[in-house]
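What follows is a single structure, written as structure tokens, with notes after it.
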Amino acid sequence: MTAKQIRVMVLNDMEKLDRTLFRLEQGFELQFRLGPTLQGKHVHVHTNYPAEGERFERHKFRVLDWINPTGREDDSDKFCTLDLKISGSYQYYFGHGSGKSGGGYIVVDPVLRVGEDNHVLPLDCISIQTYLSKCLGPLDEWLDRLRVAKEAGYNMIHFTPLQTLGESRSCYSLADQLELNPDFSPPGQTYTWTDVGNLVEKMKNEWNMLCITDVVYNHTAANSKWIKKHPECGYSLVNSLHLKPAWVLDRALWHVTCAIADGKYKDRGLPALIQNHEHLHAIRGVLWQDVFPKIKLWEFFQVKLEPMVEQFRTLLQSGELLEGSQTLIKTEGKQQLKIIQDPQFRRFGNTVDMNSALETFVPHGPGAIEDCCNWLRRRLEELNGEQYHEIKHHQEQATNCIADTVSYERLADHGPKLGPVTRKHPLLTRYFTFPFEEATLEQDLELMNQPEKSCHFLAHNGWVMGDDPLRNFAEPGSNVYIRRELICWGDSIKLRYGNGPEDCPYLWAHMQKYTEITAKHCVGVRLDNCHSTPLHVAEFMLDAARTLRPDLYVVAELFTGSEELDNVFVTRLGISSLIREAMSAGDSHEEGRLVYRYGGEPVGAFLQPSLRPLVPSIAHAMFLDVTHDNECPLQIRSVYDSLPSSAVVSMACCATGSTRGYDELVPHQISVVSEERFYCKWNPQSKPSSPAEVTLQSGIIAGKLALNRLHQELASKGFNQVFVDQVDEDIVAVTRHCPSTHQSVVAVCRTAFKNPKHHRYTDEVPPMCIPGKIEEVVLEVRTIERQADSYKKDERSINGMPGYTVEIKEHIQLKDSKVVRQAGVTSRGRNEYVQEIVFEQLTPGSVIAFRVSLDPKSQELVGVLRHHLIQFNPLYKAGSLPDPNTPDILKSPLTQIMSKMTLADMNILMFRCDAEEKEDGGGCYNIPSWKPLKYGGLQGLLSVMADIRPKNDLGHPFCDNLRQGDWMIDYVSNRLISCGGTLSEVGQWFQAMFAYLKHIPRYLIPCYFDAILVGAYTTALDVTFKQMSSFVQNGSSFVKLLALGSVQMCAVGHFPALPPLSPALSDVPYRVNEITKQKEQCCVSMAAGLPHFSAGIFRCWGRDSFIALRGLMLVTGRHMEARNIILTFAGTMRHGLIPNLLGEGVGARFNCRDAVWWWLQCIQDYCTMVPNGTDILQCPVTRMYPTDDSKPLTAGTVDQLLNEVIHEAMERHMQGIEFRERNAGPQIDNNMRDEGFNIVAKVNPDTGFVYGGNRFNCGTWMDKMGESERARNKGIPATPRDGSAVEIVGLCKSTLRWLVALHKLGLFPYNSVAIHKDGKQLSMSYDEWDRKIQQNFEKMFYVSNDPNEKHPELVHKRGIYKDSYGASSPWCDYQLRPNFPIAMVVAPELFTVEHAWEALNISEEKLLGPLGMKTLDPDDMVYCGVYDNSLENDNYNLARGFNYHQGPEWLWPIGYFLRAKIYFAKKLGKDTYDETVYLVKNVLSRHYVHMERSSWKGLPELTNENGQYCPFSCETQAWSLAAVLEVLHDL
């Protein structure tokens, strides 16, 4: 059972994909998902793909339902779906609100069935042969003639139209679209469509052959009887009056033909037989001297002056004169006055808009009316002059086109050389029908105004070089007919459909019947002249055809000149295959390139997942060695090239085919117009000289049979990988490879574009190396001469050259080959089994094909490897072999081994950046010709493979490295084995799998390496998520991706990053130290960011750990590890503060004011989110520094309960913290000024606000210290944020509220803090402290319109909350920064809803970036959004990255901003909440896209302005991931 194929179409706002081709197969599921621009919006997707059980109607759209498998938190997994069961072209569009925001088409391929058992004929299996129907003779002789196709191995016939032909006998000029060609009925017999249907059915059932035929919608034969009754179906002088001038010119040119034919221009140097350029020059003279002056075409486009001027004068006299100055206003007369074309196209019938004339020429004063009339007259003369010049340009073009046509038809060597000008072979093909007696030109022109006659002057069809195929050249606006640019088919009338059936009911009904007859009897249609068929017509007709035959196979030839334009036709019409011509290749190199272009994957391609993005395709090709329109290849190339070029084509992984006559070596083009002879019949007993019969020995038929069989076998057995090798200028080797059995067929074709008799081909054929073991020579075949009469064109039969046949051997052993001299077996390395072929007789015109397997050992190992991969993907069953000697490690499924791993083990298996790897003495794998991988674990490899796999970029340095040696393979397994424990078992599993991998051919290693790693990676993900919270397990793809950040950041290093916990604490993980052999704790620590803050003393930071801990550990369910981190930091408390840089505790720096408050917030979150979370309050904390000045103590010396440590932190703040950092000076900070080492953190007794810091240090997260002596900012913090920072006040309030509640529940023993002041002991209750902040916050922090504002001159924005209160530089308080939303999330009770909402909206407008929040208002004078830490210049505000927090967009604050928006939106009602959810989803979708695309699989620390990449940022940051995950948790 193979997995269902699902393709995902990601919808992006304003993305219109009408010109992009998406091909799908029946049985596929198509999912529409929302791209980042649409997530959160109420998007509706419409399609005209019918609902189950309903009929398709092109203009009937339905809305698809959304499926959201993971519920509500984001739109990353939301989709709507179509189960594709019917072939055709379907449209989809989507929007939000009322309009359309984008859309496009999908094309579902038909399923063709053949034979009595109705088995499927895949499109790539098709081998088609074209027949000119008129050359098949009577219907009862068809099978004898068509049998040639069957015996030559074709499985599809293309008939040119089977209808009655017009006078010209062209196969494509039909006199009656509804009637079977009477030529098919012999005397005394009348065959019908039913008889044709029976014959087609017999061929399908007995011969396994299908039939298609042409439909011609553009034109009908000039002698069609129905068009005489219904002239409205063509472009006539009644319904297309704009063609009148062109018709006049056409009649005049006809009269020139008559005059030349009658010798009237002989004396002017223009005889009837045109032989040289002087004669062409004479024609130009006749046109300019006689024709153009006589017919005066410009008059159709001009105005008659006097009547216009008179009308104008009358209007002026009757109207009221405008008063004003005496001057004449003739302002923009030139621009305003334009000629209005007479819709009747009468001579001088044009007018001008009198209103604009009256506005342009305004009379002032006496006599001004006459002046105005004169002005108008002059302007009209100018306009007439412009019209005259435009027509003159048209006439110049017409003259050039006429000269070119005459030159081609009568002078050119490659032209038809029509001979003397006569009425039968006129000077030029007429552009219009003229069904009346010959008369003078003057008499002809009188008919133009007689509708009962002029309705029969119908425009002929044709084609226009370089014209826009989407424009109809006979409609108004086109000048093709008057400029004589049409290459005209004088036997065909162009049909005029209008915009729909209501415009020409008879024509639409007639053509619909014609289409239905065709669809009833044939499995498919070829759209003749598709590029100039009006799209809406073809669409309508094909819809009618598919109603009768849902699996209609549609083939077309498009000459639009661009793939994008081709796609317009392919997508709108649901074209199944586009005809591609091998004859378009000028040499064998180009022919080979076409094979590569038109189908198949590269050899060794990766296995693609069954659920994957829908990617644009190129149209499926029907690749023909020759079409019935091509010139004869025997004349252009050589007779010897027919076979090898055919072989190159038949090795293509697409539909292929030919035209009847090619295989028999007919040495001329079989003309669709003039050929009236019949094709030869099949007779196996006939002699070579028999002109009316063919056998297997005729021409290259025997070779074609072998090639067609091979083509069909390769397609049906899944040989869908292609490699084309240009061996030398004439030799093309095409390999087709089967990815499940790893068999290949290699065809070596020596083309002969030039005849070997006249062209010297080299005898030196380069030897070829074929990887693997040659099982057999499938065929060796070449064209040879034989004894026979020389070719003579037969009068009754279309005969080929009898003097050539093929010499063919099939299915022989290599030793029996005549083409190959020797085949040495060489071995390139232990697993490269290669056979070197030396050719002896690969003469021009010969082909040899080898069937190649892997050598037996490799074949067995690949089979076993596939067997072990079945656990990951059932597709590997094909070609798998059971393993008789399975190593023990492979006897259990990988899931079972991995299920013993912890999340800390997963960190090693999946991640670890270079610095982390180096701690263990290793490093990330480095690809020498490229770059190192991001991680040592699987993600490092998978990130690269995710880019390579969809594009099958096998030339990538990563793949090269795998093919060149086992280094990367060994790195993966050895790295894990060296870890010991379960990781070592996983390493052994990889080692055992790689043992097979190393012994298969190198070209297959990338795809199997990928398969092993993808299997292991997806298994690891499943095991990982099973160990996480239900929120993650049931979450969306985005939630899971973010949760993986927890595995990425949380690790146990080679050296413990955390100081030890109390020995009295239970459930602490231990390990044995490799060096001391002593037991040591191995708790998980959290990196601040990768790669810069991942290892050594810079790994762990108090602030970063506790901002990220809720999202990465509590939300993901890693409760025990979260507990350990909380307690470890508790143990390092000193001065009532938590360390900023942990430095394993002994190197801790206590220089930040906020870490302790984030730590307290995390304990609160732990208590509320973890089952029985308040138990943590009773956990023992081992104090490293029980007093401020004690030396670091060993674990267990002094233990306290966490409760007490919390209370100490609160009490120390109320008492006031004031100390100087230990070892102050350059040894701990070489940028800090001396005053900066003085640390202060206190509580204002009046407001309850925590405050501290000074202008020489930075105690909050915005902690950039100036580093540039040159710019004079060294030792000065960019953002000191001293005073009361808003987020610290909020965090303090949150803690107080919680402690008050805990005390009431009896879970916290303290209700107040005691302090010593002036020798007295004072106390303040937590409740009172809490109330003080509540009472003062809004009035101290909100920037209102209050006239009593303390510093009105510093207010820059009102309606916001201050960033701090009481800063030493007062203006800093008033800066708009993204910190107040943090307070809103942790202590929303401090804010009034209306003020909060207004402030958040201002933040959204000013600070919200694509991924992060601007750290400073862009209106601020020191704002700069680009962070460059290496910049050394004189700019105080920028040098050495001084603006780190003065504009760049940090990601973690966006989490708090969005959470605050969600909280307050809920308070403001449903509409506001819905709008907010849209905003949140929309913003987060950008984070999802970033993570999907990031090779780090993370979110960065910051971006430069407007989301631009910042090279100085950590590529993935713990708090960025945590903050976004918390938003989804809140949703």
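The model shown is predicted, which means the values in this text are computed figures rather than measured ones. Residue numbers start at 1 and run along the sequence shown.
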Determine whether [X] and [Y] make a side-chain contact, defined as any pair of heavy atoms from C-beta on separated by less than 4.5 Å.
| X | Y | value |
| --- | --- | --- |
| Leu1416 | Asn1443 | no |
| Val1146 | Met1184 | yes |
| Asp1229 | Phe1237 | yes |
| His1135 | Glu1218 | no |
| Val1205 | Arg1183 | yes |
| Pro1500 | Thr1516 | no |
| Leu1202 | Arg1123 | no |
| Ile1315 | Ser1323 | no |

Search all heavy atoms of [X] against all heavy atoms of [Y] and return the closest pair with its distance.
| X | Y | value |
| --- | --- | --- |
| Pro1059 | Thr1132 | CG-CG2, 3.7 Å |
| Met1265 | Gly1275 | SD-C, 3.4 Å |
| Ala1122 | Leu1114 | CB-CD2, 3.7 Å |
| Cys1258 | Pro1277 | SG-CB, 3.8 Å |
| Leu1177 | Trp1298 | CD2-CH2, 4.2 Å |

Arg1103 CZ to Leu1142 CG distance, which is reported to the nearest 0.5 Å: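 Going from CZ on Arg1103 over to CG on Leu1142, the span is 13.5 Å.
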Side-chain donor/acceptor of [X] to backbone N/O of [Y], under 3.5 Å:
| X | Y | answer |
| --- | --- | --- |
| Asn1244 | Tyr1251 | no |
| Asn1172 | Asp1175 | no |
| Thr1116 | Leu1112 | yes |
| Gln1081 | Val1068 | no |
| Arg1459 | Val1524 | no |
| Thr1247 | Phe1249 | yes |
| Ser1062 | Thr1182 | no |
| Asn1273 | Glu1267 | yes |
| Tyr1185 | Gly1145 | yes |
| Glu919 | Glu916 | no |

When you compare the side chains of [X] and [Y], does any donor N or O come within less than 3.5 Å of an acceptor on the partner?
| X | Y | value |
| --- | --- | --- |
| Gln1446 | Thr1279 | no |
| Gln1078 | Asn1073 | no |
| Asn1140 | Arg1149 | no |
| Thr1260 | Arg1281 | yes |
| Arg1377 | Thr1415 | no |
| Gln1334 | Arg1297 | no |
| Ser1520 | Glu1501 | no |
| Asp1282 | Asn1254 | no |

Can you tell me how the ring of Trp1329 sits relative to the ring of Tyr1326, calling it parallel under 30°, perpendicular over 60° and tilted otherwise?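 Parallel, since the angle between the ring planes stays under 30°.
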Give the ring-plane orientation class for Tyr1365 versus Phe1341, where under 30° counts as parallel, over 60° as perpendicular and anything between as tilted.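 The rings of Tyr1365 and Phe1341 sit tilted, inter-plane angle from 30° to 60°.
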Atom [atom1] of [X] with >12 non-hydrogen neighbours under 6.0 angstrom:
| X | atom1 | result |
| --- | --- | --- |
| Gln1335 | CD | yes |
| Phe1098 | CZ | no |
| Arg1272 | CZ | no |

For the aromatic rings, using the six-membered ring if either is Trp, is the centroid distance between [X] and [Y] under 6.0 Å?
| X | Y | result |
| --- | --- | --- |
| Tyr1361 | Phe1391 | yes |
| His1303 | Phe1308 | no |
| Tyr1444 | Tyr1427 | yes |

Check [Y] with [X], please: is the shortest side-chain N to carboxylate O separation under 4.0 Å?
| X | Y | answer |
| --- | --- | --- |
| Asp1263 | Arg1153 | no |
| Glu1121 | Arg1118 | yes |
| Asp1189 | Arg1222 | yes |
| Lys1077 | Glu1074 | no |
| Glu1235 | Arg1255 | no |
| Arg1134 | Asp1188 | no |
| Arg912 | Glu917 | yes |
| Asp1330 | Lys1293 | yes |

Taking ring-ring contact (aromatic ring centres under 6.0 Å, His included) as the criterion, tell me which of Trp1101, Trp1261, Trp1519, Phe1129 meets it with Phe1106.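 Filter result, single survivor: Phe1129.
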Test side-chain hydrogen bond (donor to acceptor under 3.5 Å, both in side chains) on Thr1295 and Gln1161; report intermediate values, then the result. CA-CA 6 Å; Thr1295 303; Gln1161 182 65 38; 5.0 Å; no
Applying side-chain hydrogen bond (donor to acceptor under 3.5 Å, both in side chains), run through Lys1264 and Asn1429 and close with a yes or a no. CA-CA 11 Å; Lys1264 178 66 182 180; Asn1429 199 35; 3.2 Å; yes
Taking salt bridge (Lys or Arg N to Asp or Glu O under 4.0 Å) as the test, write out the residues that go with Asp1104, two or more places apart.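 For Asp1104 there are no salt bridge (Lys or Arg N to Asp or Glu O under 4.0 Å) partners, ignoring immediate neighbours.
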Cys1100 and its side chain to side chain contact (heavy atoms under 4.5 Å, CB included) partner, picked from Ile1125, Leu1058, Thr1128: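 Option passing the side chain to side chain contact (heavy atoms under 4.5 Å, CB included) with Cys1100: Leu1058.
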Tyr1070 ring centre to Lys1079 NZ or CZ under 6.0 Å, with the angle to the axis within 45°?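 The answer is yes; both the distance and angle limits are met.
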Can Asp1373 and Lys1362 be said to form a salt bridge (charged side-chain N to carboxylate O under 4.0 Å, His left out), step by step? CA-CA 5 Å; Asp1373 286 347; Lys1362 293 175 190 170; 5.7 Å; no
